[in-house]
Amino acid sequence: MKLLLHTCCAPCSVYCIKTLREEGIEPTLYWYNPNIHPYAEYKARRDCLKEYAKLVKIQLELDDVYGLDEFCRNVADKLATRCEEYCYPLRLRHAFEYAKAHSYDAISTTLLYSIYQRHDFIAHYMSELAQEYGIEFVYRNFREGWQEGQEEARRIGLYMQKYCGCVFSEEESGIGREIGRKMKKQGVSPTNANVREVIEKAKEDNFLVLDKIKSVS
């Protein structure tokens, strides 16, 4: 099987590569992530993946596009739904186009590894693209190895990013961590749901309503 593995970063690829190889599948990594900003972050993730590919002796194809301006233009009016409406489709469709043009007969993505990504949406969208392009979508629930992959990535010293990729996710991640700390101080256990609720309330009023955290259950 000639499989192209769309790869968002080195840490997320660790478990994916390991399990595919255990199945007798030798993937080719494919880097196309113009959603990662700012440039210093883009370069850190790209270069880490390059070094990791050398370490584990795996082929890596780089589609080296830094797309801050284009990304912002396309998500400015859909920030809340940017992942499903633009970010995932942009990267995954591009990966399928590359796979088709270079005669790959199968494709998958490391996005299926992260517990923070929209797993069901990604799997469904790739299934649709597979039918459109006539390429097999190799689905694996790589999230099962989340902890194992993270531990191995840290053990070998890979660069561990602190947010998904785009400038908007960086903002949300930073604010979320601050809100989480304040919630703990006020005796509220932070969860993805209640942190998101506080952030959305803050955006409605154009400021952080941290004094209202106690009202969030």
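- In this structure, the side chains of Glu70 and Pro34 stay at 4.5 Å or more apart for every pair of heavy atoms.
- Arg73 places a side-chain heavy atom less than 4.5 Å from the side chain of Asp69.
- For residues 62-85, the set of pairs meeting the ring pair (Phe, Tyr, Trp, His ring centres under 6.0 Å) definition, not counting sequence neighbours, comprises His37-Tyr66, His37-Phe71, Tyr39-Tyr66, Tyr42-Tyr66, Phe71-Tyr86.
- Geometric assessment of Lys100 against the ring of Tyr133 yields a negative cation-pi assignment under the 6.0 Å and 45° thresholds.
- Arg118 is listed as a side-chain neighbour of Cys83, based on a closest heavy-atom distance under 4.5 Å.
- Here the shortest heavy-atom pairing between Gly165 and Tyr163 reads O-CE1, 3.2 Å.
- Taking the side chain as every heavy atom from C-beta outward, Ser13 and Leu49 approach each other to under 4.5 Å.
- Nearest heavy atom pair, residue Ala95 against residue Leu4, reads O-CD2, 3.6 Å.
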Subject >> Leu20/Phe142 under side chain to side chain contact (heavy atoms under 4.5 Å, CB included): CA gap, chis, key distance, verdict >> reply: CA-CA 10 Å; Leu20 288 171; Phe142 292 126; 4.2 Å; yes
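- Inter-residue side-chain proximity for Leu111 and Arg91 is flagged as met; some heavy-atom pair is nearer than 4.5 Å.
- Taking Glu22 as the reference, Lys18 meet the side chain to side chain donor-acceptor pair (under 3.5 Å) condition, with sequence neighbours excluded.
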Taking only distance into account, with no hydrogens and no angle test, what donor-acceptor pairs under 3.5 Å do side-chain atoms of residues 53-62 form with protein atoms, sequence neighbours excluded?
{"from": "Gln59", "atom 1": "NE2", "to": "Glu61", "atom 2": "OE2", "distance (Å)": "2.6"}
{"from": "Glu61", "atom 1": "OE1", "to": "Tyr98", "atom 2": "OH", "distance (Å)": "3.4"}

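- Here Glu152 pairs with Val14, Arg155, Ile156 under the side-chain contact (heavy atoms from CB on, under 4.5 Å) rule; sequence neighbours left out.
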**OP:** Evaluate the side chain to side chain contact (heavy atoms under 4.5 Å, CB included) criterion for residues Met160 and Gln150: first the C-alpha distance (whole Å), next the side-chain angles of each, then the deciding distance (0.1 Å), finally the verdict.
**Re:** CA-CA 9 Å; Met160 307 294 286; Gln150 291 292 286; 3.4 Å; yes
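- Formation of a donor-acceptor pair under 3.5 Å by the Thr110 side chain with backbone atoms of Cys12 is not found in this model.
- Considering OG1 of Thr19 and CD1 of Ile25, their distance stands at 8.5 Å, rounded to 0.5 Å.
- Screening residues 102-114 for salt bridge (Lys or Arg N to Asp or Glu O under 4.0 Å), with sequence neighbours left out, gives no hits.
- Taking the six-membered ring for Trp and the full ring otherwise, the centers of Trp146 and Tyr15 sit at least 6.0 Å from each other.
- Thr28 contributes atom OG1, which lies 9.0 Å from atom CG of Leu5 (distance to the nearest 0.5 angstrom).
- Expressed to the nearest 0.5 Å, how far CG of Asn35 lies from SG of Cys8 amounts to 8.5 Å.
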**OP:** Give the C-alpha distance, both sets of side-chain angles, the deciding distance and a yes or no for side chain to side chain contact (heavy atoms under 4.5 Å, CB included) between Leu68 and Val167.
**Re:** CA-CA 9 Å; Leu68 175 60; Val167 292; 4.1 Å; yes
Would you give me the side-chain donor-acceptor pairs under 3.5 Å for residues 120-128, sequence neighbours excluded?
{"from": "His124", "atom 1": "NE2", "to": "Glu128", "atom 2": "OE2", "distance (Å)": "3.0"}
{"from": "Ser127", "atom 1": "OG", "to": "Ala123", "atom 2": "O", "distance (Å)": "2.9"}

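- The minimum heavy-atom distance between Tyr52 and Ala10, with the atom names listed, is CB-CB, 4.0 Å.
- Between Gln117 and Cys164, the shortest heavy-atom contact is NE2-SG, 3.4 Å.
- Under the side-chain hydrogen bond (donor to acceptor under 3.5 Å, both in side chains) test applied with Asn33, the options His94, Arg45, His6 reduce to a single match, His6.
- Using a 4.5 Å heavy-atom threshold, the side chains of Trp31 and Arg46 count as touching.
- Distance CD1/Ile17 to OG1/Thr7: 6.5 Å, rounded to 0.5 Å.
- Taking every heavy atom of both residues into account, Ala44 and Tyr159 meet most closely at CB-CE2, 3.9 Å.
- In this structure the side chain of Gln161 reaches within 4.5 angstrom of the side chain of Cys9, judged on heavy atoms.
- A distance-only check finds no donor-acceptor pair linking the side chain of Tyr88 to the backbone of Arg82 [under 3.5 Å].
- Here the closest non-hydrogen pair linking Gly145 and Tyr113 is O-CE1, 3.6 Å.
- For Lys43, the NZ atom counts as loosely surrounded, since its 6.0 Å shell holds 12 or fewer non-hydrogen atoms of other residues, nucleotides or ligands.
- Two residues are said to be in side-chain contact when any heavy atoms from C-beta on lie closer than 4.5 Å; His119 and Asn141 meet this criterion.
- Here the straight-line distance linking atom CG of Leu92 with atom CZ of Phe137 works out to 8.5 Å at 0.5 Å rounding.
- With Tyr32 as the aromatic partner, Arg93 does not meet the cation-pi criteria of under 6.0 angstrom to the ring centre and within 45 degrees of the ring axis.
- Note: Lys2 NZ to His102 NE2 = 8.5 Å, rounded to the nearest 0.5 Å.
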